[in-house]
Amino acid sequence: MAYEEALRVPLLVRYPRAVPAGQVVDEMAAIVDLAPTLLEFAEVSVDRKLDGRSLVPLLKGESPDDWRDSLLVEYNTDTVFPRVKNMGYHAVRTSRWKYIRYNDLKGMDELYDLKNDPYEMRNLLSGSETPPILPSLQAELDRLLSE
């Protein structure tokens, strides 16, 4: 499921030559960032575009202006676990918001304000009023899916 306990998992890095002990970076990272990071540390260049971005600038204490401010999360329905049949989704997470769009479950989408509801207890789409942030999150999700 696309809830914080599954998405917001700490990434621990130990590389004394380049990463100071105890350093904490709060920027969003994804599993696809590991390959570009390891390749940069190994000083290996590749001649094709990789998914993800190297975390090296962040680990060096830099704050790139163009660092991502949203992440795409995807889950495709499988048939192994009947409990999750038709539970495939696409989601976008920003530093404050999370929007989950289910592929097969119409009317079940979810929106959470992670600043005011960090445990995702109140789906803002369950009421009659559409939160103003929804269209921009839907557009961001569509943008991420098109990349």
Side-chain angles (χ1 to χ4, degrees), residues 1-15 18-19 23-81 83-127 129-147:
M1 304 305 292
Y3 302 118
E4 288 300 277
E5 291 77 10
L7 298 185
R8 193 169 169 88
V9 179
L11 171 65
L12 304 176
V13 175
R14 182 175 187 278
Y15 189 48
V19 182
Q23 178 179 358
V24 176
V25 176
D26 198 35
E27 300 294 334
M28 287 191 238
I31 194 76
V32 293
D33 296 331
L34 292 180
T37 302
L38 295 173
L39 289 168
E40 184 171 343
F41 275 139
E43 299 179 0
V44 174
S45 62
V46 292
D47 59 353
R48 63 186 176 108
K49 182 174 176 0
L50 298 173
D51 290 334
R53 291 184 60 183
S54 173
L55 299 169
V56 170
L58 299 177
L59 297 172
K60 288 182 174 179
E62 300 169 11
S63 297
D65 291 335
D66 64 343
W67 194 256
R68 71 171 61 94
D69 55 10
S70 67
L71 280 174
L72 171 66
V73 183
E74 297 179 280
Y75 173 75
N76 295 304
T77 297
D78 62 51
T79 56
V80 176
F81 302 104
R83 254 173 71 179
V84 294
K85 183 176 181 179
N86 297 328
M87 294 288 288
Y89 61 81
H90 296 105
V92 61
R93 187 199 189 282
T94 69
S95 61
R96 179 170 179 175
W97 301 96
K98 183 185 301 163
Y99 169 62
I100 306 167
R101 179 191 298 155
Y102 289 94
N103 300 335
D104 299 312
L105 300 174
K106 300 303 175 209
M108 298 299 290
D109 293 354
E110 300 174 55
L111 174 65
Y112 297 100
D113 179 346
L114 300 172
K115 178 181 176 187
N116 294 312
D117 182 18
Y119 299 106
E120 298 165 290
M121 302 300 289
R122 185 170 171 251
N123 178 4
L124 297 174
L125 297 180
S126 64
E129 192 173 312
T130 301
I133 190 69
L134 182 61
S136 65
L137 290 169
Q138 290 171 323
E140 179 63 5
L141 179 56
D142 291 338
R143 184 191 71 78
L144 291 169
L145 286 168
S146 71
E147 286 185 346

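Residue indices begin at 1 and follow the sequence shown.
One finds the CG atom of L125 at 11.5 Å from the CZ atom of R101 (value rounded to the nearest 0.5 Å). Expressed to the nearest 0.5 Å, how far CG of L137 lies from OH of Y112 amounts to 13.5 Å. Taken to the nearest 0.5 Å, the CG atom of L39 stands 6.5 Å off from the CG atom of L50. Rounded to the nearest 0.5 Å, atoms CD (E140) and CG (D142) are 9.5 Å apart. N116 contributes atom CG, which lies 9.0 Å from atom CG of L124 (distance to the nearest 0.5 angstrom). Rounding to the nearest 0.5 Å gives a distance of 3.5 Å between OH of Y3 and CD of E110.
Atom CD of E147 sits in a crowded spot, with more than 12 heavy atoms from other residues, nucleotides or ligands closer than 6.0 Å. Annotation for M28: atom CE counts as buried by contact number, over 12 foreign heavy atoms lying within 6.0 Å. For D66, the CG atom counts as densely surrounded, since its 6.0 Å shell holds more than 12 non-hydrogen atoms of other residues, nucleotides or ligands. In R96, the CZ atom is crowded: over 12 heavy atoms of neighbouring residues, nucleotides or ligands sit closer than 6.0 Å. The 12-atom threshold is not exceeded at CZ of R8, counting heavy atoms of other residues, nucleotides or ligands nearer than 6.0 Å. Counted within 6.0 Å of CD on E62, heavy atoms from surrounding residues, nucleotides or ligands total more than 12; the atom is thus considered enclosed.
Using a 4.5 Å cut-off on side-chain heavy atoms (C-beta onward), D113 and W97 make contact. Counting only heavy atoms from C-beta outward, the side chains of L114 and R93 approach each other to under 4.5 Å. Side-chain contact between Y15 and L59 is absent, with no heavy-atom pair separated by less than 4.5 Å. Between L141 and L72 the shortest side-chain heavy-atom distance falls below 4.5 Å. The shortest distance between side-chain heavy atoms of R143 and S70 falls below 4.5 Å. Considering only heavy atoms from C-beta on, V25 comes within 4.5 Å of Q23 through its side chain.
When every heavy atom of A18 is checked against every heavy atom of F41, the shortest pair comes out as CB-CE2, 3.5 Å. When all heavy atoms of P131 and P135 are compared, the pair lying nearest together is O-CD, 4.0 Å. When all heavy atoms of P36 and S54 are compared, the closest pair comes out as CB-N, 3.6 Å. Heavy-atom minimum distance, Y89 versus M1: OH-C, 3.3 Å.
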Quick one, R68 with D33, criterion side-chain contact (heavy atoms from CB on, under 4.5 Å). Give me CA distance, side-chain angles, the key distance, then yes/no.
CA-CA 11 Å; R68 71 171 61 94; D33 296 331; 2.7 Å; yes
- Message: For a side-chain contact (heavy atoms from CB on, under 4.5 Å) check, start with the C-alpha distance between I100 and N123, then their side-chain angles and the critical distance, and finish with the verdict.
- Response: CA-CA 10 Å; I100 306 167; N123 178 4; over 6 Å; no
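In this structure, E120 contributes its side chain and E4 its backbone to a donor-acceptor pair below 3.5 Å. In this structure, T37 contributes its side chain and L55 its backbone to a donor-acceptor pair below 3.5 Å. Distance alone, capped at 3.5 Å, is enough to place a donor-acceptor pair between the D109 side chain and the Y102 backbone.
Taking the charged nitrogens against the carboxylate oxygens, D117 and K98 have no contact shorter than 4.0 Å, which rules out a salt bridge.
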